[in-house]
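Comments concern the structure below.
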Amino acid sequence: MLFHVRMDVSLPPDLDPEVRADLVAREKARALELQRAGVWPQLWRIVGEYANFSIFDVPSNDTLHDLLSSLPLFPYLRVQVTPLAHHPSKLD
């Protein structure tokens, strides 16, 4: 199943810089791991925001939820999920 996911990051402004750096490094490592596994095939930065649009390819809603909640930045994310279906006018 394909899902379009928008993630907006909102880190506390008073977060310790070392904690922030660790969180961001762990988030990047996890994102790369999921991309290499093929479940996160698209990741796009939204210009001017600390946010992204992503496409996830996972078998179920529960799998997507587990994957998103495994992200180190999850406690600081606002997540919007849109399930996708194939469009009949799209060329294969």
Tell me which donor-acceptor pairs under 3.5 Å the side chains of residues 9-19 have, and how far apart each pair is, sequence neighbours excluded?
residue : atom : partner : partner atom : Å
D16     : OD1  : E18     : N            : 2.8
D16     : OD1  : V19     : N            : 3.2

Heavy atoms from other residues, nucleotides or ligands near CZ of R26 exceed 12 (cutoff 6.0 Å): yes

CZ-CG distance between R20 and L73, expressed to the nearest 0.5 angstrom: 9.0 Å

Pairwise side-chain contact, I46 with R6, heavy-atom cut-off 4.5 Å (strictly under): yes

Linked, directly or transitively: F74 and Y50 (ILVMFWY side chains, under 4.5 Å): yes

Between OG1 on residue T82 and CD1 on residue I55, distance to nearest 0.5 Å: 9.0 Å

Rounded distance (nearest 0.5 Å) linking atom CZ of R30 with atom CG of L71: 6.5 Å

W40 side-chain N/O to Q42 backbone N/O, donor-acceptor pair under 3.5 Å: yes

Residues in ring pair (Phe, Tyr, Trp, His ring centres under 6.0 Å) contact with H65, at least two apart in sequence or another chain: none

pair L77-L68: side-chain heavy atoms closer than 4.5 Å: no

Donor-acceptor contact present, side-chain E27 to main-chain L23, <3.5 Å: no

Connected via hydrophobic side-chain network under 4.5 Å: V39 and M1: yes

Interatomic distance, Q80 atom CD to H4 atom NE2 [nearest 0.5 angstrom]: 9.0 Å

Residues D62, S60; criterion side chain to side chain donor-acceptor pair (under 3.5 Å); working and verdict: CA-CA 5 Å; D62 291 332; S60 70; 5.1 Å; no

Heavy-atom closest pair, residues P75 and P72: CD-O, 3.4 Å

Gap separating the CG atom of D57 from the OG1 atom of T63, nearest 0.5 angstrom: 11.0 Å

From F53 atom CZ to R45 atom CZ, the distance as rounded to the nearest 0.5 Å: 14.0 Å

Note, L67 side chain near F3 side chain (heavy atom, < 4.5 Å): no

